[in-house]
Student: 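The structure under discussion is supplied below as structure tokens; questions concerning it will follow.
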Amino acid sequence: IPTMSQALTTTDLQGALPLVARGKVRDLYEIDDKTLLFVATDRISAYDVIMENGIPNKGVLLTLCTRTWFNALKEAVPSLRTHFITLDLPPQIPESLRPVLQNRSMQVRKLRILPIEAIVRGYITGSAWNEYKKSGTVHGIKVAPGLQESQAFPDGPIYTPSTKAEQGEHDENIHPDQAAAILGEYASTVESLAVQLYKVAHEYALKRGVIIADTKFEFGVDEETNEVVLADEVLTPDSSRFWPKDSYAVGRGQSSFDKQFLRDWLVAEGLKGKDGVRMTEEIQQKTAEKYKEAWEKITGGK
Ligand code: ATP
Ligand code: MG
């Protein structure tokens, strides 16, 4: 079991594969012109800033969580296509690097990622709640009056896309019509698929004591077949709000299995939005526990 100082915040494949991109959490390498090695590090970001140190094994958890969801979603929606190929590492990776990369890496189909975040919300919270209190709308969509904080949308989940900001910029909530203008021919598939997948996942998690309040999907286009393909990570604590069903009640915010702990600490210490922040061991530990708890509930696994 790695210690807190052994979180993997950056990867170095020693030239085994070319690096194509580093996101806030993932390092992407090219295996061949159709295939990427999608490596989840232990980096953690809050308020769009990456912490100096990481959460040990978070990347493993995100990868296995995503893999579990791809299987569950495909079972419910057999026509679904995902970017996932295998958890096996490609032969180019030398023996010495395999232990650290195993289970935190997926081989995926390289896609042209569509430039919106396909967010689906089943419950009103976060930025949607703030907007609703001011204007009675969510992403500009008129919703039922009189909703309480954390309440489920009475007419079912709603599709509330955002822009996919360039590095350092903030994503911006947009109306589905604006997303449609950006996505053109793919818009209706993205919207209906996102809502359908949210519904499947919500039902699956609810049986396991977890409410998925909202989540964000990313889709890509397979240039050969022109099909819309589910990409990125799915239904992880980084891309979703998970609430324990046991303690759920409307009319207030919910404790969640996510980064709330870290966010609260950053605010309390006056570190919100600052660069180069090192989490204390206690914050690392408590955040790690939240991620693990979410994983164990949803997968039933250890
Ligand atoms: P970004 O770096 O775009 O701001 P992020 O910080 O969330 O986003 P990570 O999650 O760390 O990024 O890295 C994943 C990156 O890989 C994202 O930019 C995502 O759009 C991209 N991506 C996901 N799946 C694929 C795929 N199959 N092909 C190409 N790119 C992908
Ligand atoms: Mg991401």
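Bear in mind that the values here come from a model prediction, so they are computed numbers and not experimental data. What you see below is based on every heavy atom in this structure, not just the backbone, and it leaves out hydrogens, waters and symmetry mates. One-based numbering, in listed order, for ligands and for the atoms of each.
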Student: Under the 6.0 Å and 45° cation-pi test, does R208 pair with Y204?
Tutor: yes
Student: Sort and list the pairs that fulfil side chain to side chain donor-acceptor pair (under 3.5 Å) and have at least one residue in residues 58-77, not counting sequence neighbours.
Tutor: K58-D238
Student: Using distance alone, with no hydrogens and no angle criterion, decide if S192 and Y159 have a side-chain donor and acceptor under 3.5 Å apart.
Tutor: no
Student: Does the side chain of S162 come under 3.5 Å of the side chain of N173 through a donor N or O and an acceptor N or O?
Tutor: no
Student: Can you tell me the protein heavy atom closest to atom 4 (O) of ligand 1 and the distance?
Tutor: K24 NZ, 3.6 Å
Student: For K110, is at least one N or O under 3.5 Å away from an N or O on ligand 1?
Tutor: no
Student: Give the residue, atom name and distance (to 0.1 Å) of the protein heavy atom nearest atom 10 (O) of ligand 1.
Tutor: R26 NH1, 3.0 Å
Student: Give the numbers and elements of all ligand 1 atoms closer than 4.0 Å to a heavy atom of H83.
Tutor: 24 (N), 25 (C), 26 (C), 27 (N)
Student: Please classify the V229 to ligand 1 contact at 4.0 Å (heavy-atom distances, strictly less than): side chain, backbone, both or neither.
Tutor: neither
Student: Do K286 and F261 form a cation-pi contact, if we require the NZ or CZ to be under 6.0 Å from the six-membered ring centre and within 45 degrees of the ring's axis?
Tutor: no
Student: So for ligand 1, is V108 a polar contact partner (N or O within less than 3.5 Å, distance only)?
Tutor: no
Student: Mind checking the CD-CG spacing from Q284 to D42? Nearest 0.5 Å is all I need.
Tutor: 10.0 Å
Student: Ignoring hydrogens and geometry beyond distance, is a side-chain donor-acceptor pair present between T125 and Q254 at under 3.5 Å?
Tutor: no
Student: For atom 18 (O) of ligand 1, what's the nearest protein heavy atom and its distance?
Tutor: K164 NZ, 3.7 Å
Student: Compute whether any side-chain donor of one residue and acceptor of the other, for Y186 and N226, lie under 3.5 angstrom apart.
Tutor: yes
Student: Provide, to 0.1 Å, the distance between atom 20 (O) of ligand 1 and the closest protein heavy atom, together with that atom's residue and name.
Tutor: E218 OE1, 2.5 Å
Student: Report the nearest protein non-hydrogen atom to atom 14 (C) of ligand 1: residue, atom name, distance rounded to 0.1 Å.
Tutor: D232 OD1, 3.5 Å
Student: Give the atoms of ligand 1, by number and element, whose distance to some non-hydrogen atom of L36 is under 4.0 Å.
Tutor: 28 (N), 29 (C)
Student: Where is the nearest protein heavy atom to atom 2 (O) of ligand 1: which residue, which atom, and how far?
Tutor: G23 CA, 3.3 Å
Student: Report yes or no: do V195 and I211 belong to one cluster of Ile/Leu/Val/Met/Phe/Trp/Tyr joined by side chain heavy-atom distances under 4.5 Å?
Tutor: yes
Student: Does NZ belonging to K199 count more than 12 external heavy atoms closer than 6.0 Å?
Tutor: no
Student: Does R22 come within less than 4.0 Å of ligand 1, judged by its heavy atoms?
Tutor: no
Student: Once the angle between the rings of Y123 and Y248 is folded into 0 to 90°, is it parallel (under 30°), tilted (30 to 60°) or perpendicular (over 60°)?
Tutor: perpendicular
Student: Got the closest protein heavy atom to atom 30 (N) of ligand 1, with its distance?
Tutor: I113 CG1, 3.5 Å
Student: Out of all atoms in ligand 1, which are within 4.0 Å of some heavy atom of A231? Include the element for each.
Tutor: 24 (N)
Student: With heavy atoms only and a cut-off of under 4.0 Å, state how E233 meets ligand 1: side chain, backbone, both or neither.
Tutor: neither
Student: Which protein heavy atom lies closest to atom 16 (O) of ligand 1, and at what distance to 0.1 Å?
Tutor: L28 CD2, 3.4 Å
Student: Could you say whether the N/O atoms of V25 and ligand 1 ever approach to under 3.5 Å?
Tutor: yes
